[in-house]
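We name chains A, B, ... by the order of the sequence lines, and we start the count at 1 in each one. Note that the structure is predicted; figures quoted are calculated from it, not measured. Computed from heavy atoms alone, side chains included, the values below leave out hydrogens, waters and symmetry copies.
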Amino acid sequence: MSHNPRSLYDVVSDAPRRPVFTKDQLTALSQRIIHFTTADVVSVSVTHTARVVSRMANGRVLTNDDGDELDILVCTMFGEKGMVQIRVNQLDDTMLRAAVTRAEAIARMVTGYSEPVKPIQRTVQDSYVPVHLWHDDTIDAMTTTRETVIPELLETVSRAGLNAAGFLGFMARSEAALTKEGIFAFNEETDCELTITARSDDNRSSGWGGQAARSWSQIQPAAVAARAIEMAHRSANPVAVEPGRRTAILSPEAVVQLLRFLSGEFNAFPTDQGGTAFSRHPRGNKLGQHVFDSRLKMGSDPADPDGGYRPYFGSYSQLGLGNPAMTWIEGGVLKNLAYDVGWAMVKGKTYADIPSSFRLSGGTTTVDEMIAQCREGIYVNRFSGVELLDLSTGLSTGVTRDGCFLVKDGKISKSVKNFRFLESPFFFLNRIEALGVPVRATFGYTPPAPTNDGAATWPRPPIIVPPMMVRDFNFCSLADAV
Amino acid sequence: MSPSLSSRRDFLATTSVSAAGAMLARRLGAQLLPSAVKRSPLSATTIFPAPMAPAWLQSLATTAVNAARDAGATYADIRLAERHFMSVSSIDPSKFDPGFRLESAFTYGVRALVDGAWAFAYGTSPSESAVVASARAAVTSARGFAKTATRRVDFAPAPVVTGEWETPTRLDPFTVPLEDHTAFLGACSLAANRVRHAWGSLGIDWTKETRVFASSEGSLTTQRYWRTWPWIFIGASLHVGRGVVVPVPTLVPSSGGYEVVDFPGVEDDIKRTAEEAAQLAMLPLGTMDVGRYPIVFDGLTLGATFGRTVGAALELDRVLGYEADASGTSYLSPPASMLDAPVVSPLLNVTGHRAPPSFLATKWDDDGVESRPFPLVNQGRLVDYSSTRHTATALQSYYAGHGRTPSSNGCATAYQAELPVSVASPHLTIAPGTTRASLEDLYKDMSHGLLVRMGSDVAVDHQLASGFSSDGCVFEIVKGKIVRQIFGSAFEFSTARHWKSLAALGDARTTLTAAFDSEKGQPWHRMIQSTTAPAGLFKDVNVMSTRVSLS
C-alpha cells in the first residue's frame with residue numbers, strides 16, 4: 001500500500017474489480033497505525049465501504065450514486081484515564097501520524113471519569129464463528145448488472161400500465177481490528193437490495209416488491225417487479241373497512257417492520273434496570289419465563305446461511321471478542337439476554353451483542369394456505385412509518401401500504417384503505433394462528449427511528465422471519481395515504 | 001497551480017477526537033460565565049488541523065467540473081466542504097461529567113448530467129486526482145443510463161453566481177478555550193440544579209464548515225457556515241418514571257457562533273425554565289379517556305407538527321414522485337389541483353426562507369441559487385412549493401399564469417457535501433395571530449381539553465396524509481386551568497382536516513422555534529427541518545390511549 005498521498009480510487013486491491021481493501025492491505029494499515037502510537041492501550045479498527053446505487057422514479061432512472069468511504073478509528077488510553085478516540089479517513093503516513101499525535105496529546109491531558117477506568121486488555125486471541133458473507137457475484141454485479149436489469153424492470157412495469165419507482169443497491173465492505181496486544185479480527189461482506197414501487201397514473205393504487213440478499217444470485221428482479229405489479233393492480237379502488245381488532249395475515253416484509261425494535265428489548269443492562277418489556281417488576285428480568293407463542297424460536301448466528309453478520313464485537317471496549325451464536329427464545333421461553341462484557345462479568349453470564357440480526361423460526365403454512373383458512377381478516381403486504389412508542393411494552397405504531405386487502409371466506413375479497421395500527425410483539429406473538437417458512441425479509445426504505453433500532457445506515461442487518469397469521473391485530477384507525 | 005501538498009499534509013487529515021467522560025479542565029461554579037471570552041491556545045483550533053485555504057478548495061472544485069465537462073457532461077456541479085464539528089455534553093443529570101467529541105472532515109459530491117441522465121459520485125480524498133476520477137466516474141455512469149432517461153431533465157435556468165458569504169457570527173466557538181466550554185455547561189447545570197427537583201441534560205453541538213460550490217455554467221461560491229445546536233433540556237421529576245422536560249426557549253438551534261448560547265440573561269432563562277419544570281412536575285398524574293377534545297399546541301409542537309406534515313408535503317420532489325420508493329409521496333399533489341386552493345386554515349400564512357438565524361441559513365443553496373424568502377401559504381391557500389432547479393419547471397404553467405418564469409426557490413440541500421442534493425424544506429415561519437392571545441388565553445375558555453408542549457415527534461404515513469403523536473408533555477385542562485399531567489395518550493389526525501380545523505393562533509409572545517431531524521433519499525440521509533410558529537388551538541382532535549400492560 002502506498003505511503004504517498006494518492007486518490008483513494010488508486011489505492012485498491014490488485015484483484016480485478018474488488019472495490020474495497022483486502023485483508024492484507026487492512027492488516028498492514030492497522031499495524032502501521034499501532035506502530036505510530038505510544039499509549040498504553042491502543043486499538044485500531046479500519047472499515048472500507050463501497051456502494052453502488054441506482055434510484056428510479058416515474059418510470060426512469062433518477063440517478064446513480066456511487067462512492068466509497070474509509071473509516072479508521074483509533075482508541076488510545078494512558079493508565080486509567082479516559083479513553084480518547086480519533087476517527088480518520090486518510091491513508092498518508094504523515095497525516096495518520098499527526099492525527100495520532102494530536103489524540104495522544106489530549107489523552108495525556110484527560111483527567112478521566114469520576115472513577116478510574118480499568119481498561120479491558122486481552123492477550124488471548126478469540127476464535128470466531130466461520131462466516132461466508134462475501135460473494136463475488138455481487139461484486140461482479142456492481143459493474144455489470146444495472147444497465148441491463150433496470151431497463152427491463154422499467155419496461156415491465158410500464159407495460160403493466162404503471163409507473164415504477166425503485167432502488168437497486170450494492171454494498172461491499174471489508175473491516176479489520178487490531179489491538180496493541182496483537183488481537184486481530186477481519187471481516188468482509190457484500191449485500192444487495194432491489195425494491196420496486198409500482199403506482200397507477202392517478203396515484204390511487206400502489207404496490208411494492210422487494211428482495212435483499214448477500215449474493216446477487218438470490219435476487220430475482222422479475223419476481224420483484226411481478227409482486228409490485230400484482231399488488232398495485234389488486235389495490236385499485238380500495239374501500240373503507242371498519243378499523244378494529246382483526247385477524248391479520250402478514251407478509252415477511254410486514255413482520256420485519258414490526259419486529260425491528262425487538263433487538264433493543266434484549267439488552268440486559270436496561271432490562272435489569274426495569275426499562276424493557278423483558279424486565280420484571282419490581283426488579284429482575286423474565287429469563288426462563290414464557291414470553292411468546294411456544295412455537296417460536298429466535299436466534300442469532302453469524303453464520304446464518306440467509307444472512308449472517310460480523311462474528312466479533314466492533315465496539316472499542318470489546319474489540320475483537322468473538323460474538324457467539326445465541327438462542328434468545330426457545331419454545332416461547334426467554335433463554336438469554338444480551339450482556340455486554342462488563343455487565344456479563346458482573347452477572348456471571350455469557351456476553352453477546354444485541355440481536356440486530358436474527359432468525360425467527362416459522363412453520364410450513366404458505367400465505368395462500370393462511371388466506372384459505374381465514375374466515376375474515378386483513379392481508380398486509382408491508383408497513384411504513386413504524387415507530388416505537390414505548391420500549392417497556394414494545395408498543396409501536398405505523399401504517400399499512402402498497403397492498404392491503406380484505407380476506408373473506410378463504411379468498412382475497414377486495415382492496416381496502418390503509419390502516420394505522422397500534423401493536424406490540426409482546427402481544428401479537430402470543431396470538432399466532434399460523435406460521436410460514438422464514439425468509440430474509442426486505443426492509444425497503446427504513447431510516448432509523450428516533451428510538452434507536454440498531455441500524456443507522458444502509459444496508460440493515462439481515463432479519464429472517466416467516467409470514468404469519470395472527471388474530472386480534474389492532475388496526476386502530478383508517479389512514480388516508482395511498 | 002495548486003499549493004504544495006507537502007505543506008498541507010498535516011492539515012488535510014480528517015480527524016475526529018472524542019474523550020468520553022473526560023474533562024480537560026473544570027471550573028465548576030467558579031464563575032458563572034466567562035465575562036470576556038478570549039482566544040486561547042487551549043481552544044479547539046489548536047487541536048484541529050489548520051483550515052484548508054479557500055483558494056485550494058475552489059481550485060479542486062473547478063478542476064472537477066472542468067473534468068466532467070471535458071468528459072462530455074451537459075452540466076456538472078460539485079460541492080466540496082471542510083467541516084469541523086465539536087460536541088460538548090454532560091448527559092447524566094445525576095452528575096456533571098462533560099465529554100467532548102471533535103471531528104474534522106473533508107468530503108465532496110459531484111453531479112453530472114449527460115444526455116438527460118443524472119449521476120452522482122462522492123469521495124473524501126482531497127486531491128485533484130480523486131475529484132477528477134469522481135467527476136469522470138459520474139459522467140460514465142450517467143452516460144450508461146442515458147438511453148433509459150426517456151424524459152428530459154428540465155433544469156430551470158438560474159443566474160451564474162460568484163462570491164463569498166459567511167454566517168454572521170460574533171465569536172467562533174472553536175476559538176473559545178475548551179475549559180470555558182465546560183465552565184458554561186457547568187454554569188447551566190448549576191442554574192438548573194439549584195431549583196429543587198430540577199436537573200439539566202446538557203449539550204451543545206458546534207459546526208463550522210467551508211463549502212465551495214462550482215458548476216460547469218461558471219458559478220463559483222464559497223460560504224462559511226457556523227451552526228449551533230444546543231440541546232439543553234431542563235427536567236423535573238417527583239414521580240418515579242414520570243417527569244417533565246422543558247427546553248429553554250431562548251436556546252434554540254440556530255446559525256451563528258458562541259453568541260447563540262452566551263448572551264446576557266441566559267442563566268436566568270435556565271433558572272426560570274427549571275422553576276417552571278418543577279412547578280409542572282408537582283401536578284398530579286393522570287390518564288385521559290379516549291375521545292375527541294380541543295387541544296392547544298405550544299409553538300414548538302405546532303411548528304414541528306406542521307413541518308413534519310404540510311412542510312414535508314410541499315417538497316416538490318416528493319410531490320413529483322421522486323421519493324415514491326423512499327420517503328414517500330405527498331398528499332398535496334398534483335400541483336395543478338392544489339395551487340391556489342385552500343389547503344389549510346385561512347388563519348395560516350407561511351413563508352419559507354434560509355436567512356439567519358435559521359439553522360441552515362445560507363446565501364446560495366446547493367444548486368447555486370440565491371435563496372430568498374418566498375410565500376408558501378397565503379391565508380390558507382397554497383401559493384408555491386419548495387423547489388430546486390431540477391423540480392421547478394414542473395410548475396411552469398402555474399408560474400406563467402401568475403406572470404412568473406419558472407425558477408428554483410433555493411431549496412436544494414446536501415446536508416453534508418458528500419450526500420446527494422435533495423429538496424429540503426426551508427425554514428418555515430408561520431405568522432402569529434393578529435389578535436392578542438397568550439398560550440393561557442388559548443385554553444382559558446376550554447371546559448375540558450389538553451395542552452401539548454414540547455412535542456416535536458410525529459409519526460406520519462408515507463403520503464403525509466395522517467399523523468400520530470404521543471410525544472411531548474401533555475396536560476389536562478379543566479375549566480381553563482391546568483389540573484394534571486397526562487401520560488399514556490396520543491393524538492391522531494388526518495393532515496388535511498387537522499390543519500383546516502385550526503381555530504385560533506397565539507400572538508407573537510407564543511412563538512417558538514423548533515428544529516428536528518428527518519430523512520430522505522435512498523439510501524436515506526439526514527435532513528434538518530426548522531420552524532418558527534405560534535401556539536394554536538384545535539377544536540376537535542382524536543385522542544387515543546397508548547396505555548398497555550404486559551402483566
Practice task
Indicate the atoms forming the closest heavy-atom contact of R401(A) with A326(B), along with that distance.
Solution key: NH1-O, 4.3 Å
Practice task
Counting only heavy atoms closer than 4.5 Å, note whether V548(B) contacts chain A via side chain, backbone, both or neither.
Solution key: both
Problem - Winner by heavy-atom pair count (cut-off under 4.5 Å) against chain B, out of L395(A), V291(A), I196(A), I72(A) - result: L395(A)
Practice task
Over all heavy atoms of both residues, which pair between R199(A) and A324(B) is shortest? Give the atoms and the distance, please.
Solution key: CD-CB, 4.1 Å
Exercise for the section: With the side chain counted from C-beta on, respond yes when P523(B) and V53(A) share a heavy-atom pair under 4.5 Å apart, and no when they do not. Expected result: yes
Problem - Closest non-hydrogen atom pair between S141(B) and R146(A), with its separation - result: OG-NH2, 3.4 Å
Completion exercise
Counting heavy-atom pairs under 4.5 angstrom with chain A, the leader among V460(B), V132(B), T329(B), D517(B) is T329(B)
Handout entry: Polar side chain donor-acceptor pair, T124(B) to E69(A), under 3.5 angstrom
Key = no
Practice task
Please look at T393(A) and chain B and tell me whether the side chain, the backbone, both or neither of the residue comes under 4.5 angstrom of a heavy atom of that chain.
Solution key: both
Handout entry: Test ring pair (Phe, Tyr, Trp, His ring centres under 6.0 Å) applied to Y322(B) - qualifying residues, sequence neighbours left out
Key = H390(B)
Handout entry: Residues forming a side chain to side chain donor-acceptor pair (under 3.5 Å) with D461(B), sequence neighbours excluded
Key = S466(B)
Practice task
First locate atom OG1 of T446(A), then atom CD of E519(B), and finally report the distance between them rounded to the nearest 0.5 Å.
Solution key: 11.0 Å
Practice task
Check whether S545(B) gets within reach of chain A through its side chain, its backbone, both or neither, counting any heavy atom under 4.5 Å.
Solution key: backbone
Exercise for the section: Against chain B, label S384(A) side chain, backbone, both or neither, depending on which of its atoms sit under 4.5 Å from a heavy atom there. Expected result: side chain
Handout entry: Proximal component of D402(A), with respect to chain B [non-hydrogen, under 4.5 Å]
Key = neither
Practice task
Nearest 0.5 Å please: distance from the CH2 atom of W118(B) over to the OG1 atom of T63(A).
Solution key: 8.5 Å
Practice task
Please report the C-alpha distance between D66(A) and Y122(B) in whole Å, then the side-chain angles of each, then the deciding distance to 0.1 Å, and finally whether the side chain to side chain contact (heavy atoms under 4.5 Å, CB included) criterion is met.
Solution key: CA-CA 7 Å; D66(A) 305 338; Y122(B) 62 92; 5.8 Å; no
Practice task
Pick one of side chain, backbone, both or neither for R497(B), based on which atoms fall under 4.5 Å of a heavy atom in chain A.
Solution key: side chain
Exercise for the section: Without swapping roles, check the side chain of N58(A) against the backbone of L320(B) for a donor-acceptor pair under 3.5 Å. Expected result: yes
Fill in the blank from the handout: Honestly, the part of S206(A) sitting under 4.5 Å from a heavy atom of chain B is neither
Exercise for the section: Side chain from CB out, backbone as N, CA, C, O: work out which of these in T546(B) comes under 4.5 Å of a heavy atom of chain A, or both, or neither. Expected result: both
Fill in the blank from the handout: Minimal heavy-atom distance between W458(A) and W524(B), with the atoms involved, is N-CZ2, 3.7 Å
Problem - Inter-residue atom distance N203(A).CG - S333(B).OG, 0.5 Å rounding - result: 6.0 Å
Problem - Greater than 12 external heavy atoms within 6.0 Å of R136(B)'s CZ - result: no
Practice task
Evaluate side chain to side chain contact (heavy atoms under 4.5 Å, CB included) for R55(A) paired with D325(B), printing each intermediate quantity in order.
Solution key: CA-CA 9 Å; R55(A) 296 187 63 192; D325(B) 192 60; over 6 Å; no
Problem - Check: Q463(B) side chain, V482(A) main-chain N or O, donor-acceptor pair, under 3.5 Å - result: yes
Completion exercise
Scanning both residues in full, the closest heavy-atom pair of G166(A) with Q522(B) reads O-OE1, 3.8 Å
Problem - Toward chain B, the part of F427(A) with a non-hydrogen atom under 4.5 Å - result: side chain
Problem - Straight-line distance of D471(B) CG to L389(A) CG, nearest 0.5 Å - result: 10.0 Å
Practice task
Mark yes when over 12 heavy atoms from residues, nucleotides or ligands other than R204(A) sit less than 6.0 Å from its CZ; otherwise mark no.
Solution key: no
Exercise for the section: Sort V458(B) into side chain, backbone, both or neither according to what part of it lies under 4.5 angstrom from a heavy atom of chain A. Expected result: backbone
Practice task
Would you name the heavy atoms of D480(A) and A465(B) that are closest together and state the gap between them?
Solution key: CB-CB, 3.8 Å
Exercise for the section: Go through the atoms of E323(B) and report whether side chain, backbone, both or neither lie under 4.5 Å from a heavy atom of chain A. Expected result: both
Practice task
Return the option, out of H462(B), R526(B), K520(B), with the maximum number of heavy-atom pairs under 4.5 Å with chain A.
Solution key: H462(B)
Handout entry: Inter-residue atom distance L422(A).CG - E492(B).CD, 0.5 Å rounding
Key = 8.0 Å
Practice task
Measure distances from S518(B) to the heavy atoms of chain A and classify the residue's part below 4.5 Å as side chain, backbone, both or neither.
Solution key: neither
Completion exercise
Here the gap from S477(A) atom OG to F493(B) atom CZ, rounded to the nearest 0.5 Å, amounts to 11.5 Å
